[in-house]
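Some notes on the structure that comes next.
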4 protein chains.
Amino acid sequence: MKLAEAAPTRRQKVELKEQAIMEAARDAFLENGYDGTRMADIARRAGIAEGTVYLYFRTKNDLMRAFIAGFWADLTEHAIIAVEGIDAPLAALSALATFHIETLIERFDIVQLTQSEPVHPKTSQQNREYMRTYVQVFDDIWRRGVDRCIFESETPLWLVRDIFFGTLEYSARTIKFHPERSAKLVVENLIMVIEQRHRALNAEPPQTIANSDAFLDRLETLVDRLEGVAGSQ
Amino acid sequence: MKLAEAAPTRRQKVELKEQAIMEAARDAFLENGYDGTRMADIARRAGIAEGTVYLYFRTKNDLMRAFIAGFWADLTEHAIIAVEGIDAPLAALSALATFHIETLIERFDIVQLTQSEPVHPKTSQQNREYMRTYVQVFDDIWRRGVDRCIFESETPLWLVRDIFFGTLEYSARTIKFHPERSAKLVVENLIMVIEQRHRALNAEPPQTIANSDAFLDRLETLVDRLEGVAGSQ
Amino acid sequence: MKLAEAAPTRRQKVELKEQAIMEAARDAFLENGYDGTRMADIARRAGIAEGTVYLYFRTKNDLMRAFIAGFWADLTEHAIIAVEGIDAPLAALSALATFHIETLIERFDIVQLTQSEPVHPKTSQQNREYMRTYVQVFDDIWRRGVDRCIFESETPLWLVRDIFFGTLEYSARTIKFHPERSAKLVVENLIMVIEQRHRALNAEPPQTIANSDAFLDRLETLVDRLEGVAGSQ
Amino acid sequence: MKLAEAAPTRRQKVELKEQAIMEAARDAFLENGYDGTRMADIARRAGIAEGTVYLYFRTKNDLMRAFIAGFWADLTEHAIIAVEGIDAPLAALSALATFHIETLIERFDIVQLTQSEPVHPKTSQQNREYMRTYVQVFDDIWRRGVDRCIFESETPLWLVRDIFFGTLEYSARTIKFHPERSAKLVVENLIMVIEQRHRALNAEPPQTIANSDAFLDRLETLVDRLEGVAGSQ
DNA sequence: GATGAATGAGAGTTCATTCAT
DNA sequence: CATGAATGAACTCTCATTCAT
């Protein structure tokens with residue numbers, strides 16, 4: 001077995017250090033904000049010299065932008081993984097909501113940081129770009145649900161999306177300071193709201209699986225009894 | 001001789017200047033953020049000398065905190081006015097929602113500013129204090145509705161509150177960048193959601209059976225078994 | 001007698017400090033060159049805080065430019081004074097040459113400094129502007145001499161000017177390192193060259209024995225004596 | 001087997017690379033000045049790694065000094081070539097002047113550079129050394145001219161030399177910014193001045209007052225003698 | 001009370017030089 | 001020999017705060 005992994009290539013080494021710097025920067029930024037962070041601080045955390053940082057990121061600003069971009073890319077990637085393989089739209093939404101709120105509770109500071117920075121004229125525009133990519137995960141699920149007539153199609157997508165993410169973000173914030181509150185409850189409640197929207201708008205309330213299951217349970221019991229009658233004959 | 005209005009007392013003069021400084025600070029902070037604002041800038045806007053600012057506010061930080069406190073006091077005061085005299089809880093909520101989202105759209109920068117600044121360890125704690133006072137307006141209306149059995153009382157208050165404010169804040173943000181979207185629609189939709197919650201939890205949920213594959217599978221199985229029962233007779 | 005002078009006006013105080021900074025800067029620049037000089041150094045020499053320098057000069061560059069401008073203004077002013085009241089063009093040129101070479105010997109480093117600095121794109125252009133103003137002093141004298149037919153008018157002005165200033169500058173440099181050489185000699189020699197030019201180009205050399213009054217006086221005396229000799233025979 | 005040319009010796013290879021670096025340095029220094037040039041820039045221009053430069057030159061300063069030395073050596077060498085084979089002193093001076101002014105016009109930046117840099121305490125001393133060697137070319141011609149009685153020998157050599165080089169340098173500078181002016185004219189004019197000096201001092205003096213005085217002295221003596229004769233009669 | 005000139009610590013960034021590979 | 005990543009001292013400039021007037 002060749003030790004191909006033991007000796008990292010130059011490219012890998014560069015990326016490793018880049019990663020290390022970005023992590024140091026993230027920690028520093030989270031602790032003290034953008035303006036509150038000194039490059040010297042980042043360098044120290046990364047265990048390198050001040051000047052070295054500039055070999056990997058041209059300016060403090062670039063570092064911040066790279067960090068934000070990385071965060072969003074990561075977030076989106078993990079969101080996709082979180083809903084992967086879940087076919088049922090409602091279940092997928094539930095998984096996405098859970099992922100979202102948990103991530104936000106854990107890393108609420110990052111989100112705040114990514115939004116608070118008027119670091120650069122382009123940043124705000126950039127940020128919306130990232131967000132758009134991220135909410136795409138939601139949009140895809142929703143459209144799938146609409147196709148299958150599980151979600152109603154009257155309401156504009158953005159309205160539902162705003163409720164979805166707005167509630168989760170706000171709750172993440174409040175839960176952060178009221179740990180006794182349950183994120184699970186928030187998600188369930190949110191899913192319920194979405195279900196209700198559908199039912200309310202589709203005049204004839206569209207049977208949920210939950211209720212139908214109860215019905216089937218009763219039917220099963222009935223069949224059991226019939227079988228019992230038949231078998232005892 | 002009533003000169004009460006003609007000659008402002010010393011106290012009033014002090015407060016007047018304090019006010020002027022705070023307004024100058026607000027404008028500057030909103031335009032350039034906390035770190036982007038110079039004390040000299042604030043002084044210039046207030047039409048006074050740089051050193052004079054320090055006679056009214058001990059540090060730049062104090063000024064920021066005063067500004068934030070003022071903003072929240074103002075917000076709460078106006079919110080109370082907005083729902084004043086509206087008896088019907090749903091109508092009151094609607095009025096509050098409208099006030100909230102409109103204020104946020106107009107002054108989204110302020111909210112962001114009040115939240116983005118880790119100016120001082122105490123600030124974050126302080127901030128939640130302000131918020132608590134503010135959301136009290138919502139809570140009061142909600143409780144009144146619960147008393148009158150217009151809102152259901154099962155769901156924890158905070159859950160509804162999170163949906164309410166979370167959605168409004170998020171929508172305010174998105175509307176900021178998509179002016180074609182309607183704040184009115186957001187409010188209507190939100191109120192509808194709240195109504196539905198009540199109806200959903202109180203009324204008899206009208207389940208019909210039809211849709212789910214799983215349901216049909218199980219039903220088929222049962223029919224098969226019934227055939228078995230019938231065949232064995 | 002009012003002590004108007006004892007209490008400097010604000011304006012005067014500002015100018016005084018500005019002057020002090022510029023002198024500190026001049027010394028520092030002369031000692032270490034532009035790039036070799038730190039703002040901290042200038043501040044220390046001026047006996048003020050580093051930041052204070054920036055209240056008087058926006059950048060290090062501005063400081064340099066102000067210094068250069070001041071030097072040229074000074075130089076021109078003194079040159080004008082040096083030739084003031086000297087009517088005879090040749091004598092005026094001689095005075096100017098003496099002033100120029102002596103100034104350069106004393107302050108050769110400054111001249112070098114003013115020319116060596118590619119501090120700013122505009123600087124070089126600016127510098128030529130200053131120089132033009134300065135050499136104007138020469139040009140005026142020369143034209144006066146041409147009007148009076150003391151200087152010939154065939155040769156382009158710039159050619160004579162180049163000899164004049166070129167020689168003086170070069171000699172100033174060499175004398176700097178060979179103090180035994182005489183600046184006076186340089187000037188005399190230069191003036192002689194200029195005279196010769198005139199004579200050479202004005203075909204018939206103007207001086208024959210004829211002219212000088214002193215010569216004629218002595219000649220007359222001699223003739224008188226010869227008459228005496230003749231008379232006594 | 002003679003591979004002397006095919007395979008450069010180690011020594012040659014070293015010198016080749018040294019040469020390449022110095023050329024890169026020269027270009028960089030000329031373009032951006034000493035302080036404006038980065039070692040990385042020089043390395044890039046030379047097509048080698050940053051660290052490699054230090055294998056050939058101990059510091060940036062050394063590199064600068066080497067460059068200056070090279071420049072002067074080159075200049076002197078070419079000057080010698082320029083006057084080589086020209087026997088007539090005046091013609092040789094003319095050739096030297098032409099070479100000098102043309103070189104300076106073309107490479108005025110270099111001269112400025114070589115003189116502007118107080119790179120090192122020793123540099124200025126060094127520089128004069130180079131200059132001395134260079135002006136030797138002039139001195140040799142002049143002395144030859146003096147030997148042949150083409151140039152007068154009264155005036156100290158340095159005085160003529162200062163006029164010669166001073167004028168050429170100054171004119172080179174002005175021509176640089178006034179391209180319509182003719183370098184040829186400068187040279188012709190300068191040679192004429194030198195010729196005139198000789199004629200003025202050697203030829204039948206187109207009597208100046210100084211000479212007339214000598215004449216008077218002789219006349220006086222004569223009259224004295226006549227008086228003596230007359231008196232003794 | 002009001003002023004604004006003065007302060008000086010510290011920010012981000014650069015670059016000559018070193019040294020492990 | 002050659003490399004170029006790493007270093008860190010030093011740079012210019014900013015700005016919250018002070019204090020003599």
Side-chain angles (χ1 to χ4, degrees), chain A residues 7 10 13-14 17-18 21 34-44 46-63, chain B residues 10 13-14 17 34-44 46-64, chain C residues 7 10 13-14 17-18 21 34-44 46-63, chain D residues 10 13-14 17 34-44 46-64:
Chain A
R10 194 153 312 172
K13 263 166 65 183
V14 163
K17 191 159 262 180
E18 198 175 283
I21 293 173
Y34 179 77
D35 287 292
T37 297
R38 322 186 216 329
M39 290 303 269
D41 192 16
I42 293 174
R44 194 169 29 70
I48 58 176
E50 220 170 315
T52 308
V53 178
Y54 288 87
L55 296 179
Y56 294 83
F57 297 90
R58 264 191 32 258
T59 66
K60 188 186 182 185
N61 222 299
D62 280 12
L63 194 40
Chain B
R10 193 152 314 172
K13 262 165 63 184
V14 164
K17 192 163 266 183
Y34 179 77
D35 287 291
T37 297
R38 312 179 219 330
M39 290 303 268
D41 190 17
I42 294 174
R44 192 169 34 70
I48 59 176
E50 221 170 316
T52 310
V53 178
Y54 288 86
L55 298 177
Y56 294 84
F57 298 89
R58 261 188 40 255
T59 67
K60 187 185 181 185
N61 224 300
D62 281 13
L63 197 40
M64 177 69 171
Chain C
R10 193 153 313 172
K13 263 165 65 182
V14 163
K17 192 160 262 181
E18 198 174 283
I21 294 173
Y34 180 78
D35 287 292
T37 296
R38 325 186 214 327
M39 290 304 268
D41 192 17
I42 294 173
R44 193 169 32 71
I48 58 177
E50 217 174 320
T52 308
V53 179
Y54 288 88
L55 296 179
Y56 294 83
F57 298 90
R58 263 188 37 256
T59 66
K60 187 186 181 184
N61 223 298
D62 279 13
L63 194 41
Chain D
R10 194 153 313 171
K13 261 163 66 183
V14 163
K17 193 163 264 181
Y34 180 77
D35 288 290
T37 297
R38 311 180 220 332
M39 289 303 268
D41 190 16
I42 293 173
R44 193 170 33 70
I48 58 175
E50 222 170 315
T52 308
V53 178
Y54 288 86
L55 298 176
Y56 294 83
F57 297 88
R58 262 188 40 255
T59 65
K60 186 185 183 185
N61 223 299
D62 281 11
L63 198 39
M64 177 70 171

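Labels below follow one simple rule: chain letters A, B, ... track the order of the sequence lines, proteins then strands, and each chain is numbered from 1.
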[X] vs [Y] side-chain heavy atoms within contact, under 4.5 Å:
X: D/Lys17; Y: D/Leu55; result: no
X: A/Ile21; Y: A/Glu18; result: no
X: C/Tyr56; Y: C/Leu63; result: no

Integer-rounded Å distance: [N] [atom2] and [X] [atom1]:
X: C/Asn61; N: F/dT12; atom1: CG; atom2: C1'; answer: 11 Å
X: C/Glu18; N: E/dA5; atom1: CD; atom2: C1'; answer: 14 Å
X: B/Glu50; N: F/dC15; atom1: CD; atom2: C1'; answer: 8 Å
X: A/Arg58; N: E/dC15; atom1: CZ; atom2: P; answer: 14 Å
X: D/Asp41; N: E/dT17; atom1: CG; atom2: P; answer: 15 Å
X: B/Met64; N: F/dA16; atom1: CE; atom2: C1'; answer: 16 Å
X: A/Arg44; N: F/dA6; atom1: CZ; atom2: P; answer: 19 Å
X: B/Arg38; N: E/dG4; atom1: CZ; atom2: P; answer: 19 Å

Under 4.0 Å from OP1 or OP2 of [N]: is there any side-chain N or O of [X] that close?
X: A/Tyr54; N: F/dA6; value: no
X: B/Thr52; N: E/dT3; value: yes
X: D/Tyr56; N: F/dA2; value: yes
X: C/Lys17; N: E/dA6; value: yes
X: B/Lys13; N: E/dG1; value: no

My understanding is that a pair needs two contacts under 3.5 Å, Watson-Crick or G-U wobble. By that rule, which nucleotide pairs with E/dT17?
F/dA6

For F/dT14, what is the paired nucleotide under Watson-Crick or G-U wobble rules, both distances under 3.5 Å?
E/dA9

Where the side chain of [X] is concerned, which of [options] is the nearest nucleotide?
X: D/Leu55; options: E/dG4, F/dG4, F/dA2; result: F/dA2
X: B/Ala49; options: E/dG4, E/dA6, E/dA2; result: E/dG4
X: A/Met39; options: E/dT3, E/dG12, F/dA5; result: E/dG12

With heavy atoms under 4.0 Å as the rule, sort A/Val53 into base, sugar-phosphate or nothing.
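No contact at all - A/Val53 keeps every heavy atom at 4.0 Å or more from the nucleic acid.
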
Quick check: closest heavy atoms across A/Met39 and A/Val53, and the distance to 0.1 Å?
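Minimum heavy-atom separation between A/Met39 and A/Val53: CE-CG1, 3.7 Å.
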
Minimum-distance pair of heavy atoms, taken over all atoms of D/Glu50 and D/Ala43:
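Between these two residues, the closest heavy atoms are CA-CB, 3.7 Å.
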
Please figure out whether A/Gly51 or B/Lys60 has its closest DNA chain F nucleotide nearer the 5' end.
A/Gly51

